[in-house]
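Following: one structure in structure tokens, then a few remarks.
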Amino acid sequence: MAHTVGLLRCADYDVAALLTVFSDALNLIGFDTKSVRGKTCLLKPNMLGAYPPDMGITTHPSFLE
């Protein structure tokens with residue numbers, strides 16, 4: 001089974017900016033964000049421990065939002 005990965009950079013953790021970049025990444029890998037029924041996408045957050053967001057160790061809470 002082949003898997004496709006999309007990776008884009010986001011300048012900050014503004015939720016609106018994250019939504020735009022996330023949508024762009026999904027479109028980049030052929031995942032039509034306007035027609036998502038019956039499709040699956042896995043987001044794997046890093047949840048290593050109770051670290052503050054500014055340490056950059058775990059996935060930022062704004063991304064999970």
Side-chain angles (χ1 to χ4, degrees):
M1 174 186 288
H3 300 284
T4 305
V5 176
L7 179 64
L8 296 176
R9 181 177 298 265
C10 190
D12 58 39
Y13 289 103
D14 174 67
V15 174
L18 286 169
L19 286 172
T20 298
V21 170
F22 182 65
S23 178
D24 291 347
L26 289 174
N27 286 323
L28 182 69
I29 66 170
F31 194 101
D32 182 8
T33 57
K34 294 181 176 124
S35 175
V36 295
R37 282 188 186 214
K39 296 182 181 179
T40 302
C41 177
L42 171 68
L43 296 177
K44 189 217 167 283
N46 291 321
M47 304 299 288
L48 301 173
Y51 299 101
D54 59 337
M55 289 185 73
I57 295 173
T58 60
T59 302
H60 197 279
S62 295
F63 182 80
L64 298 174
E65 183 180 321

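Just so it is clear, the structure is predicted and the values come from calculations on it, not from any experiment.
- Tested against C10 for a side-chain contact (heavy atoms from CB on, under 4.5 Å), the candidates L18, L19, D24 yield a single pass: L18.
- For T58 against G49, the heavy-atom pair with the smallest separation is CG2-O, 3.6 Å.
- Chaining together hydrophobic side chains whose heavy atoms lie under 4.5 Å apart places V21 alongside L8, L28.
- Partners of L64 under the side-chain contact (heavy atoms from CB on, under 4.5 Å) rule, at least two apart in sequence or in another chain, are P45, M47, T59.
- Considering only residues two or more places apart in sequence or on other chains, P61 meets the side-chain contact (heavy atoms from CB on, under 4.5 Å) condition with P53.
- For L7, there are no side-chain contact (heavy atoms from CB on, under 4.5 Å) partners, not counting sequence neighbours.
- Hydrophobic cluster of L48: the remaining members, joined at side-chain heavy-atom separations below 4.5 Å, are Y51, M55, I57, listed by chain and number.
- Every ring-ring contact (aromatic ring centres under 6.0 Å, His included) that Y13 has, sequence neighbours left out, goes to H60.
- Residues satisfying the side-chain hydrogen bond (donor to acceptor under 3.5 Å, both in side chains) test with D14, not counting sequence neighbours, are none.
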